[in-house]
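One structure below.
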Amino acid sequence: MSLRTVAEPARQTPVHAEVDVLVVGGGPAGLAAAVSAARGGVRTLLVERYGFLGGMGTAGGVTNFAGLYGTRNGQMQVLVRGVAEQLLERIAALGGLNAPQDGMQGRIRVRSYDVSAYKCAADALVLDAGAQLLFHAWAAGVVMDGPQIAAVLLETKSGRIAVRALQVIDCSGDADVAHFAAVPCTYGDGAGNALYPSTMFRIGQVDAARAQAAVGEFKAIETLMDQAAGRYAFARRGAILRPQRNPSEWRANVTQLRNAAGQAANATDAAELSAAEVEGRRQIVEYMRFLRAEVPGFEAAEISEIAAQVGVRETRRVHCQHMLSGDEVLDGARFDDSIGLNAWPLEQHVAGGVQWRFASDAANAHNQLPWRMLVPVAVQNLLVAGRCAGMEHLGQSAARASGACFVMGQAAGTAAALRVRGEFTLAALQQRLRDDGADLG
Ligand SMILES: Cc1cc2nc3c(=O)[nH]c(=O)nc-3n(C[C@H](O)[C@H](O)[C@H](O)COP(=O)(O)OP(=O)(O)OC[C@H]3O[C@@H](n4cnc5c(N)ncnc54)[C@H](O)[C@@H]3O)c2cc1C
């Protein structure tokens with residue numbers, strides 16, 4: 001970044017809205033937060049920089065819910081309910097939800113979905129809850145009043161506008177609001193290493209049965225890649241290739257995006273993010289060349305969609321009253337201030353591959369998530385939820401999955417409404433979450 005600057009003239013910014021709760025970012029965390037705050041009976045506005053909800057789940061082309069299922073007493077079962085379950089019901093009603101798929105020798109269970117159905121279901125869920133939506137609104141700054149956020153500044157097609165709110169929930173994934181409000185954040189492991197991003201894509205015209213036999217449960221495709229390694233430039237090992245609801249369409253999670261130093265491309269750096277978009281598409285073209293030529297079932301395959309943006313796994317994480325650690329995930333940690341459960345293992349996207357580490361108790365492979373991981377160490381009227389919440393680098397590699405992000409969002413929205421109504425206590429929050437279907441463990 002240049003050290004040179006220009007001085008901007010001071011300006012008067014129109015106040016677009018005054019609300020009780022402002023949620024910034026409409027991914028899994030943000031949409032769950034907005035639904036829950038609005039159901040708490042307070043005026044809620046959800047702002048989102050794109051024209052649809054879903055975050056990485058739609059814009060990033062993830063097309064798959066992870067972390068909703070985990071083992072309890074030896075049984076694989078749904079551990080994340082509440083708003084997440086209602087969203088899945090709506091996606092299913094639109095014909096866009098796949099049956100559960102097991103993987104990793106039965107240690108994980110996921111649900112893939114259709115992106116368009118997710119977008120439509122999320123709109124309806126948020127609006128039916130009574131929240132307002134403002135799309136194409138990019139949070140670009142805050143105005144502080146001592147230890148409180150007085151207003152969030154948004155860039156829109158109408159120009160710059162301000163929204164005043166009693167409570168703000170940062171669900172931007174990149175901790176943009178917390179960063180603007182000068183709350184301490186850590187990027188990746190603190191030494192410039194974050195989980196590597198990937199550009200997701202979907203592949204059409206796949207011969208499902210032959211492809212399934214060739215890809216196997218990840219190992220077979222690895223062997224094919226190893227055999228072809230001299231002829232193709234693979235960005236990483238650990239290819240994840242899986243069929244969607246229509247089995248002739250597959251999702252591909254195979255790319256890995258680096259910066260010039262070989263570290264994860266930093267999605268909070270404008271130039272690195274831009275270069276990563278180009279590199280992601282280049283890697284996709286190369287991987288398709290491999291699939292068509294080398295993998296049975298993909299001979300006639302076509303790219304059906306490349307995600308609208310690079311899939312970002314990790315950037316800034318906000319310093320909160322509790323930082324969820326990798327050991328807490330692996331050890332199935334329990335907390336008195338539980339707000340719900342994480343059931344996803346550590347999934348580290350490291351240079352050239354993916355490393356998985358599973359909870360030590362295979363029969364109860366989940367951990368509780370504490371309320372304190374949503375409460376920043378500074379700024380009184382701010383909560384944070386989703387992949388930028390209070391987690392250490394390793395803990396985030398697990399609880400960044402959609403399941404835990406829905407849990408955090410539901411808790412943050414519920415808590416913000418209770419705060420606005422002057423009714424917040426930990427016991428009130430936990431009771432309300434249980435009443436609303438959440439499983440606190
Ligand atoms: C390649 C990849 C594969 C993945 N695979 C899976 C998987 O199979 N299953 C699974 O469950 N999870 C998967 N994940 C993880 C999961 O998708 C994300 O961690 C999860 O979506 C995070 O939710 P979130 O709400 O915290 O943030 P995000 O989903 O990132 O949503 C943040 C939202 O905020 C908006 N936003 C950001 N900045 C601003 C701003 N300044 N102003 C306004 N709006 C803003 C964004 O547009 C976005 O809608 C994957 C992630 C990646 C990148």
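Just follow the structure's listing: the first ligand is 1, and inside any ligand the first atom is 1.
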Using a distance-only test with no angle check, is there a side-chain donor-acceptor pair under 3.5 angstrom linking [X] and [Y]?
| X | Y | result |
| --- | --- | --- |
| Arg236 | Ser198 | yes |
| Asp327 | Ser325 | no |
| Gln256 | His349 | no |
| Thr268 | Asp174 | no |

Return a yes/no value for [X]: is any of its N or O atoms, backbone included, closer than 3.5 angstrom to an N or O of ligand 1?
| X | answer |
| --- | --- |
| Glu48 | yes |
| Arg400 | yes |
| Ser402 | yes |
| Ala139 | yes |
| Val62 | no |
| Asn253 | no |
| Ala66 | yes |
| Arg313 | no |
| Met56 | yes |

> Which residue from Gly409, Cys388, Ala29 reaches closest to atom 25 (O) of ligand 1 through any of its heavy atoms?
Replying inline: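 Nearest heavy atom to atom 25 (O) of ligand 1 lies in Ala29.
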> Just going by heavy-atom distances, which of Ala32, Ala267, Gly25 is nearest to atom 34 (O) of ligand 1?
Replying inline: Gly25
>> Could you go through Arg90 and Asp128, starting from their C-alpha distance and side-chain angles, then the distance that decides it, and tell me whether this counts as salt bridge (Lys or Arg N to Asp or Glu O under 4.0 Å)?
In response: CA-CA 12 Å; Arg90 288 181 185 248; Asp128 287 353; 3.1 Å; yes
Atom indices of ligand 1, in the order listed, that fall short of 4.0 Å to a heavy atom of [X]:
| X | value |
| --- | --- |
| Ser198 | 1 (C) |
| Gly386 | 26 (O) |
| Cys171 | 32 (C), 33 (C), 34 (O) |
| Met200 | 1 (C) |
| Cys405 | 22 (C), 23 (O), 26 (O) |
| Asn64 | 7 (C), 8 (O), 9 (N), 10 (C), 11 (O) |
| Tyr50 | 47 (O) |
| Gly311 | 53 (C) |

> Where do Val177 and Ser172 come nearest, in terms of heavy atoms and distance?
Replying inline: N-OG, 4.4 Å
Note the single closest protein heavy atom to [atom], along with its residue, its atom name and the distance in Å.
| atom | result |
| --- | --- |
| atom 38 (N) of ligand 1 | Asp176 OD2, 3.5 Å |
| atom 44 (N) of ligand 1 | Arg49 N, 3.2 Å |
| atom 30 (O) of ligand 1 | Arg387 NE, 3.0 Å |

>> Closer than 3.5 angstrom, by distance alone: can the side chain of Thr414 be matched with the main-chain N or O of Leu433 as a donor-acceptor pair?
In response: no
> Any ring pair (Phe, Tyr, Trp, His ring centres under 6.0 Å) pairs touching residues 46-69, not counting sequence neighbours?
Replying inline: Tyr50-Phe52, Phe65-Tyr113, Phe65-Tyr118, Phe65-Phe406
> When rounded to the nearest 0.5 angstrom, what distance separates CD in Gln368 from CD in Glu328?
Replying inline: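 Answer for the CD-CD pair, Gln368 versus Glu328, is 11.0 Å.
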>> Applying salt bridge (Lys or Arg N to Asp or Glu O under 4.0 Å) to Glu222 and Lys219, what does each step give before you reach the verdict?
In response: CA-CA 5 Å; Glu222 288 290 319; Lys219 284 282 179 229; over 6 Å; no
> Can we say Arg39 and Asp436 salt-bridge, meaning some charged N sits less than 4.0 Å from an Asp/Glu carboxylate O?
Replying inline: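 Salt bridge flag = no for Asp436 with Arg39.
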> Touching ligand 1 at all, Pro28? Heavy atoms, strictly under 4.0 Å?
Replying inline: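 Flag set, Pro28 near ligand 1.
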> So, does Gly60 sit close enough to ligand 1 that a heavy atom of it is under 4.0 Å from the ligand?
Replying inline: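 Per 4.0 Å heavy-atom rule, Gly60 does not contact ligand 1.
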>> Tell me the contacting part of Phe65 for ligand 1: side chain, backbone, both, or neither, using a 4.0 Å heavy-atom threshold, strictly below.
In response: backbone
> Which pairs pass salt bridge (Lys or Arg N to Asp or Glu O under 4.0 Å) with one or both residues in residues 403-412, sequence neighbours excluded?
Replying inline: none
>> I'd like to know whether Tyr287 forms a ring pair (Phe, Tyr, Trp, His ring centres under 6.0 Å) with Tyr232, so could you lay out the CA-CA distance, the side-chain angles of the two residues, the decisive distance to 0.1 Å, and finally the verdict.
In response: CA-CA 8 Å; Tyr287 203 82; Tyr232 303 91; 8.8 Å; no
>> Please confirm whether the ring centroid of Trp250 lies under 6.0 Å from the ring centroid of Phe298.
In response: yes
